[in-house]
Amino acid sequence: MDFTHRLELFPGCAVTLLLFERLRNAAALRQKAMEGSIEGALINPAMIVDPFQILVAANKAVHLRKIGKMKTRTLYAEIIFSLSPNNNISDAFKKFGISDTDTAVLIVLVADGEKTLNLEDIVSQVEGQQVSLDKLPQLTDTAKIKKMYKVTPQEEKIGTLLDSIVCRMSTKDVL
Amino acid sequence: TAQEARSLLRCRRAGISAPVVYFVDYVTNSIYLEDIVDSITVQDHINAIQQSGNDSSSLLILAEKMGELLARMHDEDLIHGDLTTSNILMRPPIEKLDLVLIDFGLSFISGLPEDKGVDLYVLEKAFLSTHPDTEVMFKTLLKTYAATSKKSGPVMKKLDEVRLRGRKRSMVG
């Protein structure tokens, strides 16, 4: 049911994704995330088109943490920030993080060998139903994503939506 | 590296086929790109066609596609800087003539017809020196380029000038 993937560039790191539907305590979770009492990134699944998108964000976050160049304060905040096509941190949280009225949440956990993950601990804090990552496409809001990332129509012809998004995520700090 | 990443993104936004950027590492100055599997370079393709003695009319259509692609790139004011037939890939299936531009390490942004003319000149030299008997092919490429690009007039003029002067003078930029 969960989805775990090792980062190619950082083989010690494993990224785990958990998807929950019928969420009832979004507000409480968001509060906990802001306080830092949840060891994971709480992401709005509507803005995610494919798990690879998360992997790219996580990869970048881990890299930046390693070289001490994170823009945010925690690794999990950095992952959310990396998802955003612009350099505004609070905007990233608003758009990609969960809001109080969300009914679904995607939780991203990173285990880098130093700390062991406590999945049960996280799952117990979520008042919702854990479902398989296969259901992610159903929750995706393609129109919103296209608008957010400003994907042009010509672009859609030469690649997938995922391609466009990943390109923008990875080159964001160069532009 | 930063310039290369910027150029790749610019291509994508304009709908020009180029590899997707997965990750940019500024520390080691490396860019992780999409791996375009089972592709061959235009260079290999032309060689294969010529060697097998096959009908080269398909090469003319390829030339048209190339002209179109380059015209769109230049219309975005993107100068490749190292146009050769080994820097253009063909995604399978080959018959679809789905071209992908790669290697933007020497690229830059410029609206000057001079720079675009030089870009085409570099390709012309690479073309004719690597592939014998392809003058007609290149002519077709230029024709389609002129037809596709809205700003091709001045570029063509500059290309003629550059041909006369020789490359060294115009690479001063």
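In what follows, chains are A, B, ... by sequence order, proteins preceding strands, each numbered from 1.
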Tell me whether [Y] is reachable from [X] by hopping between hydrophobic residues (I, L, V, M, F, W, Y) whose side-chain heavy atoms are closer than 4.5 Å.
| X | Y | result |
| --- | --- | --- |
| A:Ile38 | A:Val123 | yes |
| B:Phe108 | B:Ile102 | no |
| B:Phe104 | B:Ile79 | no |
| B:Leu159 | B:Leu112 | no |
| B:Leu106 | B:Leu83 | no |

(request) Indicate the atoms forming the closest heavy-atom contact of B:Arg13 with A:Gln154, along with that distance. (result)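 Residues B:Arg13 and A:Gln154, closest heavy atoms: O-NE2, 4.1 Å.
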
(request) Of all the heavy-atom pairs spanning A:Ser170 and B:Val24, show the shortest one and how long it is. (result)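 Shortest heavy-atom separation between A:Ser170 and B:Val24 comes out as O-CG2, 3.6 Å.
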
So how far is it from [X] [atom1] to [Y] [atom2], rounded to the nearest 0.5 Å?
| X | Y | atom1 | atom2 | answer |
| --- | --- | --- | --- | --- |
| B:Tyr22 | A:Lys60 | OH | NZ | 15.5 Å |
| A:Glu155 | B:Leu9 | CD | CG | 7.5 Å |
| B:Tyr32 | A:Asn59 | OH | CG | 8.5 Å |

(message) For B:Ile16, which atoms come within 4.5 Å of any heavy atom of chain A: side chain, backbone, both, or neither?
(response)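 Backbone only.
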
(request) Please look at A:Leu9 and chain B and tell me whether the side chain, the backbone, both or neither of the residue comes under 4.5 angstrom of a heavy atom of that chain. (result)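 Interface part for A:Leu9: side chain.
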
(message) Can you tell me which portion of A:Val166 sits under 4.5 Å from chain B's heavy atoms? Options are side chain, backbone, both or neither.
(response)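 Backbone plus side chain of A:Val166, per the 4.5 Å heavy-atom cut-off to chain B.
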
(request) Taking atom NZ of B:Lys143 as the centre, report whether more than 12 heavy atoms of other residues, nucleotides or ligands fall under 6.0 Å from it. (result)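 Counting neighbours around NZ of B:Lys143, 12 or fewer heavy atoms of other residues, nucleotides or ligands fall under 6.0 Å, so no.
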
(message) Counting neighbours of CD on B:Glu135 that are heavy atoms of other residues, nucleotides or ligands and sit closer than 6.0 Å, is the number greater than 12?
(response)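 Correct, the count exceeds 12.
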
(request) Sort out for me which residue in A:Val151, A:Ile158, A:Thr171, A:Thr152 forms a side-chain contact (heavy atoms from CB on, under 4.5 Å) with B:Arg12. (result)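 Answer to the side-chain contact (heavy atoms from CB on, under 4.5 Å) test with B:Arg12 among A:Val151, A:Ile158, A:Thr171, A:Thr152: A:Ile158.
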
(message) I'd like to check A:His63 versus B:Phe23 (side-chain heavy atoms, cut-off strictly below 4.5 Å). Are they in contact?
(response)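 Yes - at least one pair of side-chain heavy atoms lies under 4.5 Å apart.
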
